[in-house]
Amino acid sequence: MTWTLMIHGGCGAMRPATLSPDAEERARSGLEAALDAGAAVLSSGGSALDAVEVAARVLEDDPAFNAGRGSVLTTDGRCELDAAIMDGRDRRAGAVAGMTTTRAPISAARAALEHSPHVLLTYAGADAFAREQGLEQVENGFFITAERQAQLDKVMAAGGKFDTDIKYGTIGAVAVDSAGHVAAATSTGGLTAKRWGRIGDSPLIGAGTYADDRAAAVSATGLGEAFIRAVGAHQLAMRMMIGGESLQAALDAVLADVVALGGNGGLIAVAPSGEAAWGFTTPGMYRARADTDGREVHVFGE
Ligand code: ASP
């Protein structure tokens with residue numbers, strides 16, 4: 001019985017010289033905990049869909065990452081949360097964007113996949129749906145941490161311009177289960193100082209999240225606008241399916257396309273064969289992988 005789980009906690013400018021040992025340790029232990037949760041599902045014969053949801057949920061609840069608690073703030077100091085999940089077996093998908101009160105956006109996306117006739121729900125309607133589904137509701141302040149508030153203050157003091165030293169802390173998980181099915185999940189607070197109801201790539205099926213048993217399951221992090229324009233996650237799968245490219249070649253080509261559009265970012269992907277790949281155009285990316293043979297956790301570009 002073989003399976004593979006790959007997760008990311010975002011990419012960015014982290015280097016050994018600039019990332020504090022404490023921040024590195026917090027990120028590493030968060031990734032370990034998410035691997036534990038997802039691997040427990042897969043090693044007992046569970047589905048890739050369940051595994052990516054539980055792994056994403058652990059990372060959402062961890063304030064070290066830009067998803068759920070610890071999400072970045074909009075210009076008016078709120079968290080607006082986006083998430084998507086997709087099942088490679090039948091390409092069923094659920095997504096939510098602009099949520100402000102639902103504790104586990106990835107589970108709201110899963111509920112949309114299972115219990116809604118729609119794929120993408122947004123803002124107050126998405127939270128109302130999640131509430132109807134019995135998902136825990138919290139005050140928006142629950143998501144806000146002092147660290148994210150300080151980041152917003154810094155960006156606003158600089159005139160609201162995006163920080164070039166940015167760390168994209170979105171989280172994602174992709175898995176292939178012992179039946180050979182793939183699934184993908186992505187969850188994020190988006191970009192610091194976003195406004196006007198901005199929605200990034202993460203909850204958009206085909207941009208930041210995609211899963212198709214005929215090719216791969218994919219989750220992205222980075223400048224969402226570039227991934228939307230590149231239709232990054234879907235492009236990766238189609239390069240494999242139609243273009244016959246290998247998983248790693250397709251992933252590298254999508255990242256090159258994102259860079260050509262002025263963006264930066266990272267991708268994780270798995271294929272039904274069990275093959276797994278990652279890549280990023282920033283100095284580092286929080287990333288980890290587990291399979292039947294063991295696990296690895298990385299932060300820097302090594
Ligand atoms: N891709 C996310 C977005 O643009 C940001 C991130 O990866 O941290 O919303």
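As the structure lists them, so they are numbered: ligands from 1, and atoms in each ligand from 1.
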R287 with E296: basic N within carboxylate O range, under 4.0 Å = no

Could you tell me whether G169 and ligand 1 have an N or O pair separated by under 3.5 Å?
-> yes

Are D213 and R91 close enough for a salt bridge, meaning some N to O gap below 4.0 Å?
-> no

Determine, for R103 against D61, whether the closest basic-nitrogen to carboxylate-oxygen distance falls under 4.0 angstrom.
-> yes

Basic-acidic side-chain contact under 4.0 Å: R229, E225 | no

Which of the atoms of ligand 1 are close to T221, meaning less than 4.0 Å from one of its heavy atoms?
-> 6 (C), 7 (O), 8 (O)

N or O pair under 3.5 Å between G224 and ligand 1 | yes

Find all atoms of ligand 1 within a distance of less than 4.0 Å from any non-hydrogen atom belonging to G190, and give their numbers and elements.
-> 5 (C), 9 (O)

Using distance alone, determine whether G222 and ligand 1 share an N or O pair under 3.5 Å.
-> yes

Does any N/O atom on R198 come nearer than 3.5 Å to any N/O atom on ligand 1?
-> yes

Name the closest protein heavy atom to atom 5 (C) of ligand 1, giving the residue it belongs to and the distance to 0.1 Å.
-> T170 OG1, 3.2 Å

Basic-acidic side-chain contact under 4.0 Å: D252, R239 = no

Look at E32 together with R28 and state whether they make a salt bridge at an N to O cut-off of under 4.0 Å.
-> no

